Amino acid sequence: MIEETLGWGASCPQSSSGRSILEFVVTDHTKQVVERFIHLRGDELDDRAPGVAELLTEWLSNDTAFDTVWDVAFGDLYASLSSAAGDLSTYAAGVGLRLNERGMAGEWETCFERPVRLRFGQWLLPSAESIRVAADSATVTARLKVTNTWHKISYDRDQGAWDDSHVTKIPLVSAGGAELAILGAEALSAACVRRLLSADAYDFDPRDAIGGQGWAPTVEAALTLIARSGDTYLQWVKTILRAVVPLRAREGTLNSGSERFSPGVICISNQRNAWFLAEMLVHEATHQYLHVISRMGKLDDGSDQSLYYSPFRDKDRPIVFILVAYHAFGNVLLFYRSARERGLVPDDLPADHQLGDREGTLERQLRQIEPALESATSLTPLGRALWEPLYAQIHQEEH
């Protein structure tokens, strides 16, 4: 079944056949999102942001790329189909700049309900009340209205830089071929901040988002650990993660989060030890794969109203959240096993967080929830295909 094929691709990297299936899911689904967005809000879009609908329509008629649409700008459009929250002009400007950044030519403009700071790849533009953009194969020119004064700035595609000192460069961290941008809350749309940082599931304070260069060494060290642990989880993380929003650490807590309308972006609490951060990167990357597969359908049909104990939350949870936990922590366990096989046992963690103890703890916790998944009758083919290959890999490695 197609659902099983898709699920296997997202269950764990050991069962994946590569990026092609997941890329198809994302690009095809995004096309459907854009078509529906234009159908529902095309007239309003023409009125509020002239030129953006034409840009999107041209994009629809050409081949699309996963790396173009796996971005928060398209996530905002996706979210807008189910919620009226947010300024349409901001969504339009975000996706317009994204397509210009990726090489598309065109002209468009819009004005905002309140000053907005927009992101163009690795740069944050100055906060503006209005924007007018003209892009061709060589240059992207933006005219920004700031306190009733228009300022012109230009991006040279060959030079890969803007000609204005007020454009702020976003820190990038790379290791082993993986690259992550370090974002503060100001680099996200207001709607994304609400979804990612203020959702009930996380309840992070946007003021706790502390993007900046100070994070770079720790994130680089975490990516390096993942790379040294083998290509398997490096590719798993590299394929799906694009940016991290650092949060102030809460003592004694590994805090992280992501959500389905923010492709490739996760928030994680600052940790001085790279192993803690590496675990969170693998954990949240795994959630991103679940978000991809969830675009194809439900993981659970809702027929099971029972609650099952989750040792990861120390509370009873619906079966779908048991599935989500098994998927994320099962991959974390396999990552630690891969690190151990290569002799990467840390000697600088607190005694109760030694790598061996972490493995043992995860193994015991996963065994606790396996019976609930094995007996579950409400999981869809997608849901079963998300955890069964992972289960097989975990227990295969035990023998």
Side-chain angles (χ1 to χ4, degrees), residues 26-27 30 34 49 51-52 55-56 58-59 62 64-77 90-110 116-128 131-144 151-175 177-190 192-193 196 209 211-213 215-216 219-220 223 238-246 262-266 288:
V26 171
T27 54
T30 303
V34 171
V52 173
L55 197 64
L56 286 169
E58 181 183 349
W59 170 78
N62 297 306
T64 58
F66 172 81
D67 287 333
T68 295
V69 300
W70 191 244
D71 184 84
V72 169
F74 281 93
D76 278 340
L77 289 192
T90 304
Y91 296 159
V95 77
L97 277 178
R98 177 61 177 170
L99 292 177
N100 295 148
E101 175 205 341
R102 296 289 293 177
M104 286 192 65
E107 296 186 11
W108 58 271
E109 63 181 276
T110 191
V116 169
R117 196 163 193 195
L118 296 167
R119 182 182 173 197
F120 182 96
Q122 196 186 346
W123 293 269
L124 282 181
L125 306 186
S127 181
I131 184 171
R132 297 172 183 169
V133 175
D136 57 31
S137 60
T139 307
V140 179
T141 300
R143 290 175 171 83
L144 306 171
H151 299 273
K152 178 183 174 181
I153 59 176
S154 294
Y155 176 76
D156 186 312
R157 295 192 190 278
D158 288 336
Q159 296 295 323
W162 290 87
D163 64 357
D164 190 278
S165 61
H166 294 96
V167 177
T168 303
K169 197 168 187 179
I170 294 169
L172 283 182
V173 173
S174 60
E179 186 175 79
L180 293 174
I182 302 178
L183 306 180
E186 71 279 0
L188 305 170
S189 69
C192 182
V193 169
L196 187 63
Q213 290 285 359
W215 256 70
V219 176
E220 182 178 2
L223 282 176
K238 176 182 176 180
T239 296
I240 210 80
L241 292 190
R242 296 291 178 270
V244 297
V245 179
S262 300
V265 179
I266 64 172
Q288 293 282 317

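These figures come from a predicted structure and were not determined experimentally. Because only heavy atoms are used, hydrogens play no part in the values below, and waters and symmetry mates are left out as well, while side chains stay in.
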Please check this pair: side chain of [X] against backbone of [Y], looking for a donor-acceptor N/O pair closer than 3.5 Å.
X	Y	value
E109	I131	no
S262	V265	no
D71	D67	no
Q288	G264	yes

With a 4.5 Å heavy-atom cut-off, do [X] and [Y] have their side chains touching?
X	Y	value
I153	P126	yes
L223	S174	no
F74	L99	yes
V245	L196	yes
E179	V173	no
V95	D76	no
N100	Y155	no
T30	T64	no

List the atom of [X], the atom of [Y], and the distance in Å for their closest heavy-atom pair.
X	Y	value
R242	K238	NH1-O, 3.2 Å
A138	D136	N-OD1, 2.9 Å
V140	A135	CG2-CB, 4.0 Å
S154	T141	OG-OG1, 3.4 Å
L124	R117	CB-NE, 3.8 Å

Donor on one side chain, acceptor on other, R132 and T110, under 3.5 Å:
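Absent: no donor and acceptor within the cut-off.
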Using a distance-only test with no angle check, is there a side-chain donor-acceptor pair under 3.5 angstrom linking R102 and T68?
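Looking only at side-chain atoms, T68 and R102 do form a donor-acceptor pair, the distance falling under 3.5 Å.
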Report the C-alpha distance between R119 and V72 in whole Å, list the side-chain angles of each, state the deciding distance to 0.1 Å, and finish with yes or no for side chain to side chain contact (heavy atoms under 4.5 Å, CB included).
CA-CA 10 Å; R119 182 182 173 197; V72 169; 5.8 Å; no
Report the relative orientation of the aromatic rings in W70 and F66; use parallel for angles under 30°, tilted for 30 to 60°, perpendicular for over 60°.
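Answer is parallel, since the angle falls under 30°.
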Parallel, tilted or perpendicular: ring planes of F120 versus W162, cut at 30 and 60 degrees:
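Aromatic pair F120/W162 classed perpendicular.
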Where do L55 and W108 land on the side chain to side chain contact (heavy atoms under 4.5 Å, CB included) test, with the steps shown first?
CA-CA 8 Å; L55 197 64; W108 58 271; 4.2 Å; yes
Could you check whether D164 pairs with K152 (Lys NZ or Arg NE/NH1/NH2 to Asp/Glu carboxylate O, under 4.0 Å)?
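Salt bridge between D164 and K152, a charged N being under 4.0 Å from a carboxylate O: no.
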Derivation of the side chain to side chain contact (heavy atoms under 4.5 Å, CB included) call for I182 and I170:
CA-CA 7 Å; I182 302 178; I170 294 169; 5.5 Å; no
Around R157, counting heavy atoms of other residues, nucleotides and ligands shown, do more than 12 lie under 6.0 Å from its CZ?
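Yes.
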Taking atom NE2 of H166 as the centre, does the number of heavy atoms from other residues, nucleotides or ligands within less than 6.0 Å exceed 12?
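Count not over threshold, so no.
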Taking only residues two or more places apart in sequence or in another chain, which ones pass salt bridge (Lys or Arg N to Asp or Glu O under 4.0 Å) with E107?
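Partners of E107 by the salt bridge (Lys or Arg N to Asp or Glu O under 4.0 Å) criterion come out as none, since no residue qualifies.
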Interatomic spacing from NZ in K169 to CD in Q122 - rounded to 0.5 Å:
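K169 atom NZ to Q122 atom CD measures 4.5 Å (nearest 0.5 Å).
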Apply side chain to side chain contact (heavy atoms under 4.5 Å, CB included) to the pair E58 and M104, showing each step before the final yes or no.
CA-CA 9 Å; E58 181 183 349; M104 286 192 65; 3.8 Å; yes
